[in-house]
Amino acid sequence: MSEINGTMADVKTRSGSDDLIFFVNGQKIVETNADPETTLLVYLRRKLGLTGTKLGCAEGGCGACTVMLSRYLPHSEQLLHYAINACLAPICSLHLVAVTTVEGIGSVAQKLHPVQERIAKSHGSQCGFCTPGMVMSIYALLRNNPTPTMAEVEEAFQGNLCRCTGYRPILEGYKTFTVEGGCCGREGGCCGTNGSRAEEPSEDDVAEATPLFDAGAFAPFDPTQEVIFPPELMSLTKGQRSRSLCFHGERVMWLQPASLGEFLCLKWKHPDARVVVGNTEVGIEMKFKNMVYPVILAPAFIPELNSVTHTDDGIMFGAACTLSHVQEVLKQAVETLPPHQTEVFLAVLEQLRWFAGQQIRNVAAVGGNVMTASPISDLNPVFMAAGCRLTLMDKDGSRVLQMDDSFFTGYRRTALRPQEILASIEIPYSKKTQFVSAFKQSPRREDDISIVTTAMSVTFSPGTNVVEDLRLSYGGMAATTVMAKKTAHRLLGRCWGEELLQEACSSLAEEMTLDPSAPGGMVTYRRTLTLSLFYKFYLTVLQKLRLQGVNVEVVRSDCLSATEIYRPQAPSSVQIYQAVPEGQSQDDVVGRPMMHLSALKQATGEAVYCDDVPLYENELYLSLITSSKAHARIMSIDTSAAERMPGVVCCVFADDIPGSNATGPILYDETVLADGQVTCVGHIVGAVVAVTHVQAQRAAKAVSIQYEELQPVVTIQEAIAAQAFYQPIRTIQKGDLEAGFNQAKHILEGEMHIGGQEHFYLETNVTLAVPRGEDGEMELFVSTQAAAKTQSLVAKALGVPENRVLVRVKRMGGGFGGKESRTTLLSTVVAVAANKLKRPVRCMLDRDEDMLITGGRHPFHGKYKVGFLGSGKVVALDVSYYSNCGNSMDLSLPIMERALFHMENSYSVANVRGRGFLCRTNLPSNTAFRGFGGPQGMMIAESWITDVAQSLGRPSEEVRRLNLYTEGESTPYNQVLDHVTLDRCWDECLSRSRYHQRQAAIDLYNRQNRWTKRGLAIVPTKFGISFTAIFLNQAGALVHIYTDGSVLLTHGGTEMGQGLHTKMVQVASRVLGIPCSKIHISETSTNTVPNTSPTAASASSDLNGAAVQNACKVLVSRLEPYKTRNPEGSWDDWVKAAYFDRVSLSANGFYKTPDLGYDFESNSGRAFNYFSYGVACSEVEVDCLTGAHKNLSTTIVMDVGHSLNPALDIGQVEGGFMQGLGLFTLEELHYSPQGVLLTRGPGSYKIPAFGDIPAQLSVSLLRDATNDKAIFASKAVGEPPLFLASSVFYAIKDAISAARAESGVSGPFRLDSPASAERIRNACMDQFTKLVRSSFSPNHHMYTQDALKESRDAVHLRIRQISRFHQMSWFCFCRSVSDDKTLMSGITEICSLKFVFAKTKPGPNCSDYLD
C-alpha cells in the first residue's frame, strides 16, 4: 500500500492540475488547465475552432457531434477506433487519446474522403447539419471493418438522427461500401448495384427507374490510405508508466486513479464521489438536472475493471467494460459454446441490440448501467432474472452479491455501501433445461428508453415440462426493477401448459399493479404488457421444449408469429422520374438530378452555419431567463446572486428595450421580454449576458423570480370549457347542409385528436448580433426563414428605422416552418443586449430550451358529422376544428384557414360546412410547421372517410376512389379545379403498389396469424400552393455579372436544406445559358433583396425562381446585341464587350403571383394558384401483443409537374413523408397539468430513425404532368408529401380492425394521432386487455386517463364525470384527469361496464356511480 499511499499524498498536496495530453487530427494538444466540466465538443468548437462537429442536443441522442476516438492498447499492441458523442465526453477523459473530427479526414479544398463524397453525391445531405456526424459514424465503422455488411451500417447509425432526408439516400450512398452493394471503384464503372431489395420490384419499375447518382464515378475506397495513428502518441502510451491524474476545475475535481487499490482508497476518502466511465449518465445529470459533483472518480483505464474472465459458471466482466465490448464477447461466446449454455447471453444481446446508439454503447460501462439503478433499465431485468453475481469491493476487502430483488433498495438506490465499488459482474451460463427471454417495449425501436422491459427465466425438471425455477423480472413497473415473486412461486411444480398460462396471467394482473399517478403514465398499457410479454415467453418456451423432445402442447400455427424475434429487413427502394427531353443541352441542368450545391461542404464540415461564424473580439454570450409558471403575475425579480457570479456582465429586462416591447409576426400581441405577467412556461422574462456560454447559463439559473400564480388553461378541452378563443371564428360553407343530410341514407358522427409536433430542426435557434458603432446600425447573423420580418421586429425593438438593421442568413440546419416567425423571440432579445452593451452578443439555444420556448405544430381536435349514401358517396359534411394556439396568435389564424381549405382533402362534397376555433391557452405559442394546418385538416377528412367505409363494410379504397375530385369540380371555397391529376396518381399508385395483390396476401396473412396483423391503406392528398395572405406572394432577385463572366445571384429565399439555392442556380443557368459553375449564391440578406416573404408555403421555388428568371432575362436582353455582333464569341467575350460599352451588368428581378384573392365573407375568389397532388399506399404489420408496428412498404406517386431537380424533389418527398410518419405514428409532446413541457430532447421526444423507413420504398414522380402556373412547368414539393404518411396511420388502423375482429368487435372506432404503441395495443382488444381491466380494484385504483383510453368505439359517449376512487379528494382527482380530457370520450367498454360521472361532494370516501 506504500505506492498507493504515496500517490494519494501526491493528489492530496498537488495544488494545480496535471497536463492533459491528447491529439486532434494529428495535432498534439497540451492543455494545462483542463476543466472536468468542459466537453470535447465545446473544446473543439470554441478552443480549437473546429466547427464541423455540431451541437444538436447535448445529451448524446442525435449524433450530430459524433467524432472518432483512437487508443493504442499496449497489452495487445492493437489500435482501438470507436465513435463517440463529443457533447458528452469530458476532455479530462481523453488523456493519451487521438481524436479525429470530420475536418481531419478530408476537405473540399484538399481531398475528399470517400465517406464524405458518397453521402454528398448520393443526395444524402440536405440541410447538412447532421451530415458530419453521419460521416464520422461510418468512418469509424470502416476503420474497424473496411467491408461491413448493410446490417452493420444500419447499426452504426442507431445513434444518428436526420430530420431532412428520410434516411434512404444516406443508406444508399453508404451501401456502396458494403459486401452487398460494394463499389469496387473500378475504372470504367462500378460492378456493384444500387441497392438490394427485400422484395423484387415490378419489371415496369425496374425498367423505368433511373439512378439518381452514378456509383461508378465514386473515388475508390482504399483502407490502407487512412490517416495514421500519431507515432508520438503511440510512443507516449508505450513509454508512460501508468500514473494517476488530477484535474481541477472551477467546481469539480477529476481524479483518475492508476490502479484498483488507489481507486478503492479514493472511494473510501470520497464516498459521495461519482464514478464516471462513459459520462452518459452523470453528464446528463450535470447538464440538465443542474447537479454538481465536486469530486469525480474516473477508473476507466484500470486493468482489473476492464478484464474479461471465463469462469466455470459464466463470463465475468470488469465493471468498466463498455457495452460494445460486452456485446462483442457475448457474440463470440454464442458462436462457440453449446446453445443450451447461451440462453442468458442471447437475452443480454437482444437487449443490447436496442440499447441507445453505437456512440453510447462504445463508452457506457456495464457496471454503470447496473449502478444507475434505473427503474426502466434494459439490462438489469436480465441480470436479475439470470441471478448474475456482483463482486463489490472496498479498501478492506470484497463481497459477492447475487443480483435479486433485494439489490435495488429504492429509486436509484442499491445495496452498495457508500465506500464500495462494483468491481465485476458475472453473467452465468444457462442450464440445459433453462430457457431465458428478454423483451423491451419502447416508443421507438432504435435508441429509445423502455416503457416496459422484462426478462424471464424458467428451469424445468430434466426431461419434463414441470417448472423447477421461474424468475420474472420487470422494469418500468415500479420505482425499481422488480420480480414477480408471488406469480413465480404459484407456478413452481406446475406443468407448462394452458392451465399454467391462465394462472400466470391472472396472478400477474393482480401482482403487477401500478398506481394511476405512477410516473410515466400509460398505466393500463404497461400492465397489459406484463401479460402480453409473458404470453410471448410462454409460447417461445413451448417451442423450445418440443425441440428438446418434451411432450407439450403444439403451438398453433396462427400463434407462431408471436414468438418471432424482430429482425430488421435491409430497406430497398426505387425512384422513378422523367428524364429530360432528348436534345436538351448537357449544360442545361434543369430537370436533371443535380447534387445540392453545398453538399460537399456539408460533408466535410466546411459549410458555415450561424454559430460557426468565428468569435468576434469582445464577444459576449447570452442566456435566457424564462418563466417556470404557465400563468402568473411577476411579483419580484432578484438578480443579485446572478450578478455576483464569475463572468457576468449584465442582466437585460424589459426596461432595457429602447424601442417597443410589443412584438409578433402579424398582431403585436406578444412582448420581447415579459413585463409584469407571464403567460406560459418558457415565456422569456429577461437574459443574462456573460463572457462565456457556461457562465451565462449558470447565472440565468441563479435569477430568482417570485410569482403570484393564476389559473392556467392548457388543453383544448379546458379552452372550450372556458370559452377561451381568439377571434375570428372562421367558417367556410357551401351548398345546403340540411338538404344534404336529408338526402343521406346514413349519418355518423365522430371526433379525433391530433397531437402537436416539435420541429426538431437539428440546428436550434441561434442569433449573433454585432453593433456597427454608428447611426444605430446592427448586423445580425440569424438562422431564420424570415429575414425581412426579423429585420422589422428587431428595428421595432431597437427603435430605429429598418434600414439600420442588416439580417444575414447563410444557411439553416433545418427550419420546417419553425424558423418562420418564432426566431424573432431570440433575435430581438440578443439585439437589445448587443445594443445595450455596444458589443457583439451571441446565443444558440440548447435543445431543451428551444423545445420549451418556441412552440410547434398546433394540436387539433376535430368533430364531424357526415352524411352518405349506401354506395359510400358523401353528400354532407359538418366539421369543426379546434386548434391549441398557445399564448399568442402568431400564425394561428392563417394555419386554421389552411386547415379549413383542406377539410375535404381530395373528396368532392356537395354540401359542406367547416368552422375553425382558435383556442387561447397558456402554452408557448404554436406556429408554422410543414403543411401549415393542411395535414390536420386532411387527417380529420381521412378519419370520416374511413368511418364511412367501415360502417358500410366496404373496402376503404373503393369509398375513397368514389369520392375523389374530378376535373372541373369546385372546392368548398368555390375554386374550380383544373389540370386535376388525382385520378392518374391514384391509378398509378394502385398499379405500382400492386394494391389488390397485396390486399389478397394481407387477407390470407391475417387469417393465418392471430397475434400479428397486417393492414393496407391508400390515401390521396391535394395541397393548395400559395400564401393565403395575398401580399406575401411576391419575390425579388438581384443578379450581378462581373467582368470575368462570373455571376453573383441573390434572391429573397433562404436555404434550409431544401435545395432552393441549387434550384435558383439551375434556373439562372438555363436563362443565362451558362454552366452552373459560373454562378454563385453567397447568402440571403436584407441589404440585397428587401421586403422578402418568408421562405415558406412551398412557394419559394415558384416565387423566387420567377424573380430570378425575370432578372436574368433583363441581362440576357442587354447582352443580346453583343451576341449578335459576335455569334462565335463566348459568354466572357459578350460580358466584357457590354462592360466596355458601359452597359449595366446588374439587374433586379421581381415576380408576383397573378389572379389571387379569396374572401371569407362571400366565399369567393381564388385562394390558390394551383394544387399539388399525390397518392401513397402503405402496408404495415402490427404486433397485437405489444402495439409495435413495422412499416413494410410504401409506394408514393407525386405530381411535381416538370421537376426542376428530381434528386432534390424526391428528397423532399421522402423527407416530408418521414416527417409525417413521425407526426402520425411516433412523436408525442407531453405536458403536465401545469403547462410544463415534459418532452424536451431526443431522450424523451422521438423522431423517426433509420429503422423506421419502410422496408420497401418506391417514389415515382408523375410523368407528363405539366403546370403552366410555375417556373418551367414545375410544381411545389416541400409540404404536399408530408400528409401521405397518413397512409401508414390508416394502414395501422386497418390492421387494428383485423385484430378487433378476432375479438368479435367491428365497425368504426376512434384512434387518435399519433398511433403510438400504447394506442395500438389498447385498441387491439383481447383476453389480456380484458383481464387487466377486470383486475382494477376499487381499494387502490381509480379510472384516470390511462384506463379511459382503452375503448373508443363508434358510440363516442360524452363522459361527464368518472367513478371509483377512494382516499382521494375530488379536487385531486379532477387535477389528475385534467391534462387531457379528450381521453374522456368514446368509452364503451371499461371492465364490461359503462361508467358515467355523477355529481359528488368533495371528500375522501366518495361512492361509486354506475350507469
Practice task
State, to 0.1 Å, how close Leu597 and Met594 come at their nearest heavy-atom pair, and which atoms those are.
Solution key: CD2-CE, 3.4 Å
Problem - Centroid separation Phe1224 to Tyr1290 less than 6.0 Å - result: no
Practice task
With Gln126 as reference, evaluate Cys164, Pro169, Cys162 under the side chain to side chain contact (heavy atoms under 4.5 Å, CB included) test and give the passing residue.
Solution key: Cys164
Problem - Phe1283 six-ring face occupied by Lys1022 cation (under 6.0 Å, within 45°) - result: no
Practice task
State which residue, out of Thr1153, Asp1102, Asp1268, Asp978, fulfils the side chain to side chain donor-acceptor pair (under 3.5 Å) condition with Tyr1170.
Solution key: Asp1102
Exercise for the section: For Ser951 and Leu748, work out which heavy atoms get closest and say how close. Expected result: OG-CD2, 3.8 Å
Handout entry: Electrostatic pair Glu1279:Arg930 at N-O distance under 4.0 angstrom
Key = no
Handout entry: Test of ring centre spacing under 6.0 Å for His902 and Phe1023
Key = yes
Handout entry: Pair Lys734, Ser970: side-chain N/O donor-acceptor within cut-off below 3.5 Å
Key = yes
Handout entry: Glu1179/Lys1013 under salt bridge (Lys or Arg N to Asp or Glu O under 4.0 Å): CA gap, chis, key distance, verdict
Key = CA-CA 11 Å; Glu1179 179 183 356; Lys1013 297 295 182 183; over 6 Å; no
Handout entry: Any side-chain heavy-atom pair of Ile1292 and Val1182 under 4.5 Å
Key = yes
Practice task
Looking only at non-hydrogen atoms, find the nearest pair between Ile119 and Ile170 and report the distance.
Solution key: CD1-CG2, 4.1 Å
Exercise for the section: Look at the rings of Tyr1158 and Tyr973 and say which category their plane angle falls in: under 30° parallel, 30 to 60° tilted, over 60° perpendicular. Expected result: perpendicular
Exercise for the section: Tell me, with the steps shown, if Cys127 and Met1056 meet side chain to side chain contact (heavy atoms under 4.5 Å, CB included). Expected result: CA-CA 5 Å; Cys127 87; Met1056 63 187 105; 5.8 Å; no
Practice task
Go through the steps for Ser1260 and Arg992 under the test side chain to side chain contact (heavy atoms under 4.5 Å, CB included), then give the verdict.
Solution key: CA-CA 9 Å; Ser1260 175; Arg992 290 195 187 281; 3.4 Å; yes
Exercise for the section: Go through the steps for Met150 and Tyr174 under the test side chain to side chain contact (heavy atoms under 4.5 Å, CB included), then give the verdict. Expected result: CA-CA 9 Å; Met150 200 61 208; Tyr174 286 144; 5.8 Å; no
Problem - OG-CG distance between Ser1203 and Leu1208, expressed to the nearest 0.5 angstrom - result: 8.0 Å
Practice task
Compute the centroid of each ring, for Phe932 and then for Phe929, and state whether the two points are separated by less than 6.0 Å.
Solution key: no
Exercise for the section: Write down the atom of Ser906, the atom of Thr1021, and the distance for their closest heavy-atom approach. Expected result: OG-C, 3.3 Å
Exercise for the section: Using only heavy-atom distances, determine whether the side chains of Gln575 and His123 contain a donor-acceptor pair under 3.5 Å. Expected result: no
Practice task
Before accepting this row, confirm whether a basic side-chain N of the pair Glu172/Arg168 lies closer than 4.0 Å to the acidic partner's carboxylate O.
Solution key: yes
Handout entry: Test ring-ring contact (aromatic ring centres under 6.0 Å, His included) applied to Phe901 and Tyr881, Phe1168, Phe1171, the passing residue
Key = Phe1168
Practice task
Please check if the side chain of Asp588 supplies one atom and the backbone of Val590 the other of a donor-acceptor pair under 3.5 Å.
Solution key: yes
Exercise for the section: For Thr981 and Asp1199, test the side chains for any donor-to-acceptor distance below 3.5 angstrom and give the result as yes or no. Expected result: yes
Exercise for the section: Go through Asp1209 and Lys1063 one step at a time and tell me if the salt bridge (Lys or Arg N to Asp or Glu O under 4.0 Å) criterion holds. Expected result: CA-CA 10 Å; Asp1209 287 349; Lys1063 286 185 174 182; 2.6 Å; yes
Handout entry: salt_bridge(Glu154, Arg445) N-O dist < 4.0 Å
Key = no
Handout entry: Val574 and Val1259, any side-chain heavy atoms less than 4.5 Å apart
Key = no
Problem - SB check Arg1263 Glu988 (cutoff 4.0 Å) - result: no
Exercise for the section: Drop me the distance from Asn1205's CG to Ser1274's OG, to the nearest 0.5 angstrom. Expected result: 11.0 Å
Exercise for the section: Would you check if there is a donor-acceptor pair between the side chains of Gln1256 and Gln569 at a distance under 3.5 Å? Expected result: no
Problem - Value rounded to 0.5 Å, distance of CZ in Phe1289 from CD1 in Ile1320 - result: 9.0 Å
Exercise for the section: Would you name the heavy atoms of Val948 and Gly872 that are closest together and state the gap between them? Expected result: CG1-O, 3.9 Å
Problem - Residues Val1200, Leu1262; criterion side chain to side chain contact (heavy atoms under 4.5 Å, CB included); working and verdict - result: CA-CA 7 Å; Val1200 300; Leu1262 190 69; over 6 Å; no
Exercise for the section: Measure the spacing between OG of Ser1026 and CG of Asn1033 and express it to the nearest 0.5 Å. Expected result: 4.5 Å
Handout entry: Flag for Tyr995-Thr1195: side-chain donor and acceptor within less than 3.5 Å
Key = no
Handout entry: For the student: nearest non-hydrogen atoms of Arg960 and Thr946, plus distance
Key = NH2-OG1, 3.0 Å
Exercise for the section: Establish, from distance only, whether the side-chain atoms of Ser1193 and Arg998 form a donor-acceptor pair under 3.5 Å. Expected result: yes
Problem - Close side-chain approach of Ile1018 and Leu990, heavy atoms under 4.5 Å - result: yes
Handout entry: Pair Glu1214-Thr165, side-chain donor/acceptor within less than 3.5 Å
Key = no
Exercise for the section: For Ser1287 and Ser1178, test the side chains for any donor-to-acceptor distance below 3.5 angstrom and give the result as yes or no. Expected result: yes
Handout entry: Between Gln1066 and Ser1069: side-chain donor-acceptor atoms closer than 3.5 Å
Key = no
